[in-house]
Undergrad: 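I am attaching a structure below and will ask some questions about it afterwards.
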Amino acid sequence: MHILLIGNGGREHALAWKLAQSPQVSKISVAPGSAAIVAETSAATRIEQLMLDIDDHQALCNFAVEQQVHLTVVGPELPLVAGIVDAFETAGLRILGPRAAAAQLEGSKAYAKEFMQRHSIPTAAHATFQSADKAHQYIDERGVPIVVKADGLAAGKGVVVAQTLIEAHAAVDAMLSDHSFGDAGATVVIEEFLAGEEASFIALVDGQHCLPFATSQDHKARNEGDTGPNTGGMGAYSPAPVVTSEVEQHILQDIVEPSVAGLNKDGTPFKGFLYVGLMIDSSGAARVVEYNVRLGDPETQPLLMRLNSDLLTMLDAAVDGKLDKIHADWNPQCALGVVLAAGDYPASSGKGDSIKGIDEAEALGCKVFHAGTKLADNIDTGNDKFVTNGGRILCVSALGDDIVEAKKLADKGAAAINFSRMHYRRDIGYRAVARLTESA
Ligand code: AMP
Ligand code: GLY
């Protein structure tokens, strides 16, 4: 079968890698993809880059019709929010993802907050503002810590967790007065600071039923000890020990199932990956920090390393409304991924620095997923054929019998790789490691 995959990052590399293992998949076209994704081509599965603009839904639809594509899988949020699923479904094509109306859960934080209020889903108290004066007044009334968020998509940069009034007021000024985030910051959500430990909970949803994925956690802060600016994610691991089976039941009953039911009640049924970012307090009570309408990046990389089941069978069942007939089998081992980023990510990106050691890391037993690389112009560089081309460059992922073993191997793989001004965190998974050590 022929699959069309939309996207080009580490998440999409992991999706292509896993889909290529399916005996049902003979060809994957990936738009725009990357050379590293194409390199997953095997004797059974050919992978090709499709140089179409992911905003050009009509051209992608035409390709899917002409090539009789069996299923289109969408990685990133932008095409979902822009209505790619609506366009494909109108053309009678099979695609996995929410329509634009349901994708508003990620596309607008104000919409997501109203949705949670409407359906009694636990989340931080909030208020929404378009006027800077009223926002400043609200911050003075509430005090700090407080969280200021741009309403729209801002690639993970539109959230300020303010510890001081100065920071909170400056965030409002940047968004509402200086228009630093353009339209995405024309409305701001100001919300209560939630204390606790974050976890990511991802479920595959078919409109009615949901198939929960294994639990996972990521590290969003750039620097060790979870300090420094917020990023797209510096590493992730699965399972998340903070999500005990009791906490998982609570998340399913009080958050995920009411979300799926609420989307149906609102007339915006959801198909695809529903990602709930959670803050879990010391009593195990979870509240929603954010919704994403797609798989997490980098959570997908360690998650898919643990998935034993055939991914295409799961995705097909989601599109066909048959997830209640499906069981996902997860490897009981732990998986951990360390992101290798450009020197001053998230401020800027790496471009054209030669990357050494990918083969060495894989020889150790790691799987190296590419987030921002391209082929070197001069291929005579032997094994080092990739150069940097982005903020997050690679995600070095490994399995282990426990989190300590998985971390040891991923860290070793990361240390085997080198490019100019490479930055990565040596403490990915530290909370899970501490829990394991405490319980020993
Ligand atoms: P978001 O884009 O909404 O997920 O926010 C990015 C990050 O900011 C989250 O992963 C949290 O680390 C932090 N954050 C967001 N909202 C809150 C909140 N209400 N309380 C504490 N931290 C938050
Ligand atoms: N890792 C966080 C995200 O994908 O949004």
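These numbers come from a predicted model, not from an experiment. Keep in mind that the numbers below use all heavy atoms, side chains included, and drop hydrogens, waters and symmetry copies. Both counts, for ligands and for their atoms, begin at 1 and track the order of listing.
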Undergrad: Is the distance between the ring centroids of Y275 and F201 under 6.0 Å?
TA: no
Undergrad: Which option wins on minimum heavy-atom distance to atom 13 (C) of ligand 1: N292, D226, V161?
TA: V161
Undergrad: Please could you name the atoms of ligand 1 that N230 approaches to less than 4.0 Å, counting only its heavy atoms?
TA: 6 (C), 7 (C)
Undergrad: Within ligand 2, which atoms have a heavy atom of G232 less than 4.0 Å away?
TA: 1 (N), 2 (C)
Undergrad: Please name the residue in the list K149, R287, R142 that meets the salt bridge (Lys or Arg N to Asp or Glu O under 4.0 Å) test with E192.
TA: R287
Undergrad: Report the member of L194, L278, V288 with the shortest heavy-atom distance to atom 21 (C) of ligand 1.
TA: L194
Undergrad: Quick check on contacts: which atoms of ligand 1 are under 4.0 angstrom from a heavy atom of F193?
TA: 20 (N), 21 (C)
Undergrad: I'd like to check which ligand 1 atoms, numbered from 1 as shown, lie under 4.0 Å from a non-hydrogen atom of E290.
TA: 1 (P), 2 (O), 3 (O), 4 (O)
Undergrad: With R421 as the cation and F419 as the aromatic partner, state whether NZ or CZ is under 6.0 Å from the six-membered ring centre and within 45° of the axis.
TA: no
Undergrad: For the 3.5 Å polar cut-off, considering only N or O atoms, please tell me whether N292 and ligand 2 meet it.
TA: yes
Undergrad: Can F273 and F213 be said to form a ring-ring contact (aromatic ring centres under 6.0 Å, His included), step by step?
TA: CA-CA 10 Å; F273 292 102; F213 265 36; 5.7 Å; yes
Undergrad: If we set the cut-off at 4.0 Å for heavy atoms, which region of R294 has an atom near ligand 2: side chain, backbone, both, or neither?
TA: side chain
Undergrad: Is a salt bridge present between D320 and R94, judged by a nitrogen-to-oxygen distance below 4.0 Å?
TA: yes
Undergrad: Whether R118 and D266 form a salt bridge (side-chain N of Lys/Arg under 4.0 Å from carboxylate O of Asp/Glu) is what I want to check.
TA: yes
Undergrad: Identify, by atom number and element, the atoms of ligand 2 in contact range of K220, meaning under 4.0 Å from any of its heavy atoms.
TA: 2 (C)
Undergrad: Closer than 4.0 Å to some heavy atom of G296 - which atoms of ligand 2 meet that?
TA: 4 (O)
Undergrad: Ignoring hydrogens, just give me the one of E191, M279, K220 whose non-hydrogen atom is nearest atom 22 (N) of ligand 1.
TA: M279
Undergrad: Please report the shortest heavy-atom distance between H57 and F88, naming the atom on each side.
TA: O-CE1, 4.1 Å
Undergrad: Can you tell me if G277 has a non-hydrogen atom under 4.0 Å from ligand 2?
TA: no
Undergrad: From Q163 CD over to I146 CD1, what is the distance, rounded to the nearest 0.5 angstrom?
TA: 11.5 Å
Undergrad: If we set the cut-off at 4.0 Å for heavy atoms, which region of E198 has an atom near ligand 1: side chain, backbone, both, or neither?
TA: side chain
Undergrad: Around atom 1 (N) of ligand 2, find the nearest protein heavy atom and jot down its residue, atom name and distance.
TA: D218 OD2, 2.7 Å
Undergrad: As an exercise, state the distance from CZ of R431 to CG of D427, rounded to the nearest 0.5 Å.
TA: 9.0 Å
